[in-house]
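Taking it in order: structure first as structure tokens, then the write-up.
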Amino acid sequence: MNKAARYSFRYQVIILFFIVVAIPFVFIGYFAYNKSVETVELANSTVSLDAVGRTGKNLDAYLNEVNDKQDEIMYSKEVQAALSSEPKDRLEEINLSTELIRLSNLKNSASNALMTVRIFPWETWRYSGYLNAIYPGVDIEEQAWFQSAKERGKPFWHLFLPRDNPTKFKEPSLARVKRLYSLERTEPRGIVTVEVKESVLRDYLSPLMMVEGQRIMLVHPDNTVYYHSASTGVGEAVPYSKLSEFMKLGNSGSKTIELDGSRYIVTYTKLEHTAFKLVSLIPLEQLTKPVEGIESMTMLFLLFYFLLSLFTIIYLTVRFSNPIHEIVMHMKRVERGDFNVHWQQLPRKDEVGLLYHGMTHMVRQLGELVDNLGRAAQEKKELEFQVLTHQINPHFLYNTLDVIRWKAEKRNAKDISDMVTSLADLFRLSLNDGKEMTTVARELDHVRAYVAMQQERQDTPIQLVIVVDDDLLELPLLRLLLQPLVENSIKHGERSRREEEIKIVITGSIEHGVVRFEIRDNGPGIAADVRRRLLAGTMPDGAAGQRQGVGLRNVHERLRVYFGEPYGLRILDHSGGAVIEITHPIMRNEAGAQ
């Protein structure tokens, strides 16, 4: 894109549209969307924290009830009596096993299936039949949790998974494991587990589910997931280090965290009696779906305004910009001197139509005026030159000069004969059979003949030095270019140097694709203010500079008329005399060059 195109009317309209409409609209839409998302995050963080707190209290109360259930079993006289007896034979073992099963079922029925009670004797080898009935196919003594219960005196929570005992556990179960002591001798009599199934926990935590894709976890203090709403990762460590670090900051909190490339509102609370942490992960995209409607509406409005602006730009381009652009392009051609501009018909009556038709009419008249002026100038120069060259009849002049030369030779006046011969050569070369073009060699001969004539008619010696490349000698040259300049140097040198020698140096060469001549003399030079006005023809009437400038301006104007503005004379600044530079185009085999 060029510089002019960047500042054209159509691009200004586009830039103005984006500044006035598009950028503010996008900014407002973006600002409104982000503020809405922030508001949604803040509101939902507050709501989620409150909901998690309430649900956490309910769950904590339920798990605390599990602890109370264990204490109730521990102080049950029936359970104490059943575990205090030592069966002496198989029949007593069967009776005790039947009693323990009855007591367990009784406790389970009392809990309305919200929890499952299991009673394990301390000396398991005495109750092999009972253990096989309540825990079939598994050596209870080999279970890690059972060993831990015997080694540790404090109760603890344990997660039973289906893979631990597929027969007893169809789903993950959260169990409170606690020793059962004798009330009389404070020695362990058994181990009691109260198990809460995953489905029961889900019922307790279901009020916390607010949106699709929400995840709820119950995390043990050792960072193990004991409950997961999606049943994935139960029994495994918390999968996100960011989440683990966040939950270490306090007993509760809420924050937006990016997990697996998605943003979640993470809310947690610590259960008071169990040290579990209840965690809720709400996907932010589910909450911002209504807000995304605002973004979609913003984009639709932006698209509408864009199409409307595009239509406006096309309308302005076709209706206004294209005609103005055509006028500008035509005016650039006119600036380069090309007046042959083809103007299309524009049937409009508004200001653009009036401007278009006015410019059409003006350019056509200007072209006609320039053509007329050019023809008039050319005709004037030709007439002036014809007047100069036809003031003397060439044949009459040549015949007369031959008679004079013959009489001078007859009287042995060799100086007069030579002078007449030089004069005849001078006129012959000047007239050039009426042809405008000569050659560099003939023009230089013309200069030599003129200098020889001037040397004969004045006392001041004239030294002419010509240094011209041989390649130039046969090139065509507009006649009478060098002689008027040499004449000007001799005249002013003669007036200023009565006793010194007049020296004129002519150099010629081809430089940068043009023929360049330089005429340098040792005269008084040309003052700076005169140089500026000499070729422009602005010298005051009657001034000496105006008379000396006739020859210079004539040569300058002839070169301009024949070959155009790049060619002509240039007066160079030089302190030791006048220096005139001529630039002439290189021409090959021109008709008329002799």
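Computation of the quantities below employed the complete heavy-atom set of this structure, encompassing side-chain atoms and omitting hydrogens, waters and symmetry-equivalent molecules.
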The criterion is side-chain contact (heavy atoms from CB on, under 4.5 Å); which residues satisfy it with Ile257, sequence neighbours excluded? Lys242, Phe246, Lys255, Leu259, Val266
Within a strict 4.5 Å, meaning less than it, do heavy atoms of the Val177 and Phe146 side chains meet? no
Can you find a pair of side-chain heavy atoms, one from Thr224 and one from Val219, that are under 4.5 Å apart? no
Please check this pair: side chain of Tyr567 against backbone of Val514, looking for a donor-acceptor N/O pair closer than 3.5 Å. no
Residues forming a side chain to side chain donor-acceptor pair (under 3.5 Å) with Arg179, sequence neighbours excluded: Tyr181
Closest non-hydrogen contact found for Val515 with Pro585 is CG2-O, 4.2 Å
Quick one: closest heavy-atom pair of Ala275 and Pro221, and the distance? O-CG, 3.4 Å
Would you mind listing every salt bridge (Lys or Arg N to Asp or Glu O under 4.0 Å) that reaches into residues 129-141, with sequence neighbours excluded? Glu141-Lys150
Any residue meeting ring-ring contact (aromatic ring centres under 6.0 Å, His included) with Phe169, in chain and number order, not counting sequence neighbours: Phe160
Among residues at least two apart in sequence or on other chains, which ones pass salt bridge (Lys or Arg N to Asp or Glu O under 4.0 Å) with Glu245? Lys248
Looking at Pro283 and Gly213, what are the two nearest heavy atoms and their distance? CD-O, 3.5 Å
What verdict does the salt bridge (Lys or Arg N to Asp or Glu O under 4.0 Å) test give for Lys69 and Glu65, after you've listed the backbone C-alpha separation in whole Å, the side-chain angles of each residue and the deciding distance to 0.1 Å? CA-CA 6 Å; Lys69 178 66 69 174; Glu65 184 181 344; over 6 Å; no
Assess the residue pair Leu218 and Leu271 against the criterion (side-chain contact (heavy atoms from CB on, under 4.5 Å)); give the C-alpha distance rounded to whole Å, side-chain angles, the decisive distance to 0.1 Å, and a yes or no. CA-CA 10 Å; Leu218 187 63; Leu271 305 188; 4.2 Å; yes
Set of side-chain contact (heavy atoms from CB on, under 4.5 Å) partners for Arg215, sequence neighbours left out: His228, Ser229, Tyr240, Tyr264, Leu281
Considering non-hydrogen atoms only, spot the tightest contact between Ile216 and Leu205 and give its length. CD1-O, 3.8 Å
Take Val117 and Ile73, measure what side-chain contact (heavy atoms from CB on, under 4.5 Å) needs, and give me the verdict at the end. CA-CA 9 Å; Val117 177; Ile73 295 172; 3.0 Å; yes
Under the side chain to side chain donor-acceptor pair (under 3.5 Å) test, residues paired with Asn223 that sit two or more places apart: Ser244
Between Val279 and Thr267, is a side-chain contact (heavy atoms from CB on, under 4.5 Å) present by the stated rule, with each step listed? CA-CA 6 Å; Val279 185; Thr267 308; over 6 Å; no
If you round to the nearest 0.5 Å, how far is NE2 of His273 from CG of Asp68? 9.0 Å
When rounded to the nearest 0.5 angstrom, what is the spacing between CD in Glu198 and CG in Asp203? 11.0 Å
Could you check His158, Arg176, Arg118 and say which one makes a side chain to side chain donor-acceptor pair (under 3.5 Å) with Glu195? Arg118
Distance in Å, Phe120 CZ paired with Leu180 CG, rounded so as to fall on 0.5 Å steps: 12.5 Å
Ser148: partners by side chain to side chain donor-acceptor pair (under 3.5 Å), with sequence neighbours left out: Arg152
Identified side chain to side chain contact (heavy atoms under 4.5 Å, CB included) counterpart of Thr269 within the set Thr55, Val52, Leu59: Val52
So NZ of Lys277 and OH of Tyr268: to nearest 0.5 Å the spacing works out to 5.5 Å
So, using side-chain contact (heavy atoms from CB on, under 4.5 Å) as the criterion, who are the partners of Lys178 when residues are at least two apart? Asn67, Gln70, Asp71, Met74, Pro155
Listed by chain and number, what are the side chain to side chain donor-acceptor pair (under 3.5 Å) partners of Glu272, not counting sequence neighbours? none
Taking only residues at least two apart or on different chains, which pairs with a member in residues 202-227 satisfy ring-ring contact (aromatic ring centres under 6.0 Å, His included)? Tyr62-Tyr204, His220-Tyr226, His220-Phe276, Tyr226-Phe276
Could you tell me the separation between the CD1 atom of Ile140 and the OG1 atom of Thr124, rounded to the nearest 0.5 Å? 8.0 Å
Any donor-acceptor pair under 3.5 Å linking the side chain of Arg560 with the backbone of Glu565? yes
Close side-chain approach of Gln214 and Ser280, heavy atoms under 4.5 Å: yes
Any donor-acceptor pair under 3.5 Å linking the side chain of Glu123 with the backbone of Gly190? no
Cationic N near anionic O, under 4.0 Å, Glu258 to Arg263: no
Quick check against the 3.5 Å criterion: does Thr583 have a side-chain atom that pairs as donor or acceptor with the backbone of Gly568? yes
Atom CZ of residue position Phe156 - does it have more than 12 heavy atoms of other residues, nucleotides or ligands inside 6.0 Å? yes
Arg202 side, atom CZ; Met209 side, atom CE - distance, nearest 0.5 Å: 9.5 Å
Give me the atom names and distance for the closest heavy-atom approach of Asp60 to Thr274. OD1-N, 3.6 Å
Under 3.5 Å: donor-acceptor pair, side chain of Asn251, backbone of Lys270: no
Would you kindly say whether Asp260 and Ser262 are connected by a side-chain donor-acceptor distance under 3.5 Å? no
State which residues pass side-chain contact (heavy atoms from CB on, under 4.5 Å) with Ala61; sequence neighbours excluded, sorted by chain then number. none
Minimum heavy-atom distance between Leu131 and Pro121, given as atom pair plus value: CD2-CD, 3.9 Å
